[in-house]
**Student:** 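Before anything else, here's the structure in question.
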Amino acid sequence: YLLKTQVQPESVLYVSPQNEAAVLPAFSGRLEYSKREEKLVITLHNLQKNDSDLYVCAAVLKNSTSFSVNGSGTMMVVKEVEQTECRGNSWGIYGLLIVVVLLSCVLVCCILYHVDVKKYFQRRKPNAVYEDMSFCSRRSTLVRT
């Protein structure tokens with residue numbers, strides 16, 4: 001037997017010699033046990049505040065109706081953990097992230113402004129020679145007969 005003995009005395013677990021178990025309904029799905037020869041290992045999961053108590057392992061001897069308790073038991077005190085709200089803190093992280101992104105954008109814009117990116121993307125005009133073929137400019141070079 002696994003017994004709660006102080007706050008609310010009750011039998012939490014009974015394991016028969018044939019390895020058949022009876023678990024208190026309040027502990028169903030939260031209690032595991034393994035039995036090897038003369039040893040029984042009990043594990044409690046998802047503890048709740050009302051699980052606090054003195055737990056004792058006891059056995060009923062053959063031809064007897066009383067419990068035989070080995071040792072003084074284990075006192076288990078379960079405290080509730082205060083859960084803190086993370087919502088308020090996350091706005092600070094989001095704000096910091098936004099500021100970092102904005103500053104990065106400003107830095108990139110300043111760099112691009114000073115580098116004069118336009119000249120790298122403009123089409124270059126091919127080298128051309130301009131020759132004026134108008135009549136006025138040719139008048140002095142004509143030969144008359």
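Just so you know, these numbers use all the heavy atoms, side chains as well, and skip hydrogens, waters and symmetry mates.
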**Student:** Who pairs with E32 by salt bridge (charged side-chain N to carboxylate O under 4.0 Å, His left out), at least two apart in sequence or on another chain?
**Tutor:**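 Salt bridge (charged side-chain N to carboxylate O under 4.0 Å, His left out) check on E32 returns nothing, list empty.
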**Student:** Partners of Q48 by side chain to side chain donor-acceptor pair (under 3.5 Å), sequence neighbours excluded?
**Tutor:**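 Not a single residue meets the side chain to side chain donor-acceptor pair (under 3.5 Å) criterion with Q48.
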**Student:** Roughly how far, to the nearest 0.5 Å, is the CD1 atom of I93 from the CD1 atom of I98?
**Tutor:**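 Going from the CD1 atom of I98 to the CD1 atom of I93 covers 12.0 Å.
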**Student:** Under a 3.5 Å distance rule, please check whether S11 uses its side chain to pair with a backbone N or O of L3 as donor and acceptor.
**Tutor:**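 No: the side chain of S11 does not pair with the backbone of L3.
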**Student:** Applying side-chain contact (heavy atoms from CB on, under 4.5 Å), can you list everything that pairs with S16, at least two apart in sequence or on another chain?
**Tutor:**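 Scan of S16 (side-chain contact (heavy atoms from CB on, under 4.5 Å), adjacent residues dropped) gives Y14, Q18, E20.
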**Student:** How long is the straight-line distance from NZ of K4 back to CD of E10, given to the nearest 0.5 Å?
**Tutor:**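 Between atom CD of E10 and atom NZ of K4 there are 5.0 Å.
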**Student:** So if you build clusters from Ile, Leu, Val, Met, Phe, Trp, Tyr with side-chain heavy-atom gaps below 4.5 Å, do L54 and V77 land together?
**Tutor:**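 As far as the 4.5 Å side-chain criterion goes, V77 and L54 are connected within one cluster.
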**Student:** Closest approach of N46 and R30, non-hydrogen atoms and distance?
**Tutor:**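 Smallest interatomic distance, heavy atoms only, reads O-NH1, 2.7 Å.
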**Student:** Among L103, L97, V101, L102, whose side-chain contact (heavy atoms from CB on, under 4.5 Å) with V99 holds?
**Tutor:**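 Checked L103, L97, V101, L102 against V99; only one passes side-chain contact (heavy atoms from CB on, under 4.5 Å): L103.
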**Student:** So, using side chain to side chain donor-acceptor pair (under 3.5 Å) as the criterion, who are the partners of D53 when residues are at least two apart?
**Tutor:**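 D53 satisfies side chain to side chain donor-acceptor pair (under 3.5 Å) with no other residue.
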**Student:** Just jot down the salt bridge (charged side-chain N to carboxylate O under 4.0 Å, His left out) partners of K49, sequence neighbours excluded, or say none.
**Tutor:**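 K49 satisfies salt bridge (charged side-chain N to carboxylate O under 4.0 Å, His left out) with E80 only.
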**Student:** Please tell me if the side chains of L107 and I111 come closer than 4.5 Å, counting only heavy atoms from C-beta onward.
**Tutor:**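 Yes. Closest side-chain heavy atoms under 4.5 Å.
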**Student:** Who else is in the cluster with V12 when I, L, V, M, F, W and Y are joined by side-chain contacts under 4.5 Å?
**Tutor:**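 Listed partners: L2, L13, V15, V23, L24, F27, L31, Y33, L40, I42, L44, L47, Y55, M76, V78.
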